[in-house]
Amino acid sequence: EEPRIRAALVPGKVHRDVIGEDGGMFCLYAVDVPARSPALRLDVFDTVSDLDILVRYENANVSPDAFDFKAESLASREFLVIDPEDDRYLKPGKYYVLIFDQIAAKIPEGFSVLATLAPEAPRELLGIPGIPHQATPLEVCLSATVEITGTAARGSGVLVSRDGYILTNWHVVRGDDGLPSSRVSVAVTRDFYNPPEELFTAKVLKYEEKSDLALLKIVSGYYGQPVPGGYVFPYFELSADERVTIGQPVSVIGFPDVGGSGSRVSVTLTKGIISGLMKFYDGYLYKTDAEINPGNSGGAVVNAFYELVGLPTTIVGDSSGKLGFIHPVSMLPSSWLMLISGH
């Protein structure tokens, strides 16, 4: 049976669609590439789901087992650039584009797809909206906790300066080769009801494998465009006094994998107490009974005064309950603190 084509994509024209269970959680399109085109670029955006792209040349039977090109990441803003490696122009003809959700939530989700005939990101996607002002200390904490996506993992992070320094766990931004991810995307929350939006990319400046910590700096917009001058990020102020004792309540903020029914989740807060202290190399860790799950790594742990006291790092225990371990911010290297403060 011939696959059903949802629509023909017109280069330069945004196509809005809905992916859902009735269509198998995928949509198939066709796009004609004229002779002497320098590239075919496909952008998927305006969605809260983790959608991926598969492309096949002159063959509509596209699947995860049959494709010529793919863009597959943990981000909701996906893009694929097809250009010739040896020849000056792209091979003309019909390209079939499959957009799909690997973690089908069975809930219809809208998205936009745009085909263009140039390798650069289209102008329509280059604007960077501001982060809404938050009225309460808790809302500032929620906004200052971001989602971090490296080349091999996805987790959370915390903004610790108005100009875009971020703390997270090293394992969140470590690539499969053991080196810092070549591309790190940063998604920020602009609406607490929805998953965060990928708006920025960051560079790994410092990392420590022993403590599983990394320091990042936002360097550009998601498509490599400059961050607008004067852009201000919500952030946690680092304090030497963490005000933490055993039995004290704390809240954990991040993007745990279990925090939603779809392929991406909204910011999530759980509560618990400081359950104890534990020696760790030349420092210590906090123990907590607060709910921590994969995806929380590198996020925020705050006390009752909404001060950042540490980053959730690891979880132990399965059959008899779980304890989480928190790396205190007071144990950060002094050289990192100097960078963050601008000294």
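Computed from a predicted structure; not experimentally measured. Both backbone and side-chain heavy atoms feed into the values below; hydrogens, waters and symmetry mates do not.
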Extract all donor-acceptor atom pairs below 3.5 Å that involve side chains of residues 28-42 and protein atoms in other chains or at least two apart in sequence.
from: Tyr29; atom 1: OH; to: Asp17; atom 2: OD2; distance (Å): 2.7
from: Asp32; atom 1: OD1; to: Lys94; atom 2: NZ; distance (Å): 2.8
from: Asp32; atom 1: OD2; to: Lys94; atom 2: NZ; distance (Å): 3.3
from: Arg36; atom 1: NH2; to: Tyr89; atom 2: OH; distance (Å): 3.3
from: Ser37; atom 1: OG; to: Pro34; atom 2: O; distance (Å): 2.8
from: Arg41; atom 1: NE; to: Asp43; atom 2: OD2; distance (Å): 2.6
from: Arg41; atom 1: NH1; to: Pro119; atom 2: O; distance (Å): 2.9
from: Arg41; atom 1: NH2; to: Asp43; atom 2: OD1; distance (Å): 3.2

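Within the 4.5 Å cutoff, no side-chain heavy atoms of Leu285 are placed close to those of Leu277. Considering only heavy atoms from C-beta on, Val301 stays 4.5 Å or farther from Val329 through its side chain. Counting only heavy atoms from C-beta outward, the side chains of Phe236 and Thr145 approach each other to under 4.5 Å. Side-chain contact check for Leu308 versus Leu238: some heavy-atom pair is nearer than 4.5 Å. With a 4.5 Å cut-off on side-chain heavy atoms, Phe69 and Ile53 do not count as touching. Residues Thr189 and Phe255 are in side-chain contact: their nearest non-hydrogen atoms beyond the backbone lie under 4.5 Å apart.
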In sequence, state the C-alpha distance, the side-chain angles, and the governing distance for His327 and Leu213, and then conclude on side chain to side chain contact (heavy atoms under 4.5 Å, CB included).
CA-CA 9 Å; His327 197 291; Leu213 291 176; 3.3 Å; yes
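Hydrophobic cluster membership of Val186, counting Ile, Leu, Val, Met, Phe, Trp and Tyr whose side-chain heavy atoms lie under 4.5 Å apart directly or via other members: Ile128, Ile131, Val146, Ile148, Leu159, Ile166, Trp170, Val172, Val173, Val184, Val188, Leu199, Phe200, Val204, Tyr207, Leu216, Ile218, Val227, Tyr231, Phe233, Tyr235. Val48 forms part of no hydrophobic cluster, judged by ILVMFWY side-chain heavy-atom separations under 4.5 Å.
Side-chain contact annotation: Thr149 with Arg154, donor-acceptor N/O pair under 3.5 Å absent. For the residue pair Ser63 and Asp65, no side-chain donor N or O sits within less than 3.5 Å of a side-chain acceptor on the partner. In this structure, a donor-acceptor pair under 3.5 Å is absent between the side chains of Ser185 and Glu198. Between the side chains of Glu78 and Ser73, at least one donor N or O lies within less than 3.5 Å of an accepting N or O. Using modelled atom types and a 3.5 Å distance limit, the side chains of Ser76 and Thr47 yield no donor-acceptor pair.
Looking at Ser156, its side chain does come within 3.5 Å of a backbone N or O of Gly295 through a donor-acceptor pair.
Within a 6.0 Å sphere centred on OH of Tyr223, heavy atoms belonging to other residues, nucleotides or ligands number more than 12.
Counting only residues at least two apart or on different chains, the side chain to side chain donor-acceptor pair (under 3.5 Å) pairs with a member in residues 289-298 are His171-Ser297, Glu291-Asn293, Asn293-Lys322. Pairs engaging residues 174-195 under the salt bridge (Lys or Arg N to Asp or Glu O under 4.0 Å) rule: Arg190-Glu197 [sequence neighbours left out]. Every pair tested for salt bridge (Lys or Arg N to Asp or Glu O under 4.0 Å) that includes a residue from residues 116-145 fails, sequence neighbours excluded, so the list is empty.
With salt bridges taken as basic N to acidic carboxylate O contacts below 4.0 Å, one links Lys70 and Glu72. Looking at Glu237 and Arg162, no side-chain N of the basic residue comes within less than 4.0 Å of a carboxylate O on the acidic one, giving no salt bridge.
The cationic atom of Lys217 (NZ for Lys, CZ for Arg) lies less than 6.0 Å from the six-membered ring centre of Tyr165 and within 45° of the ring axis.
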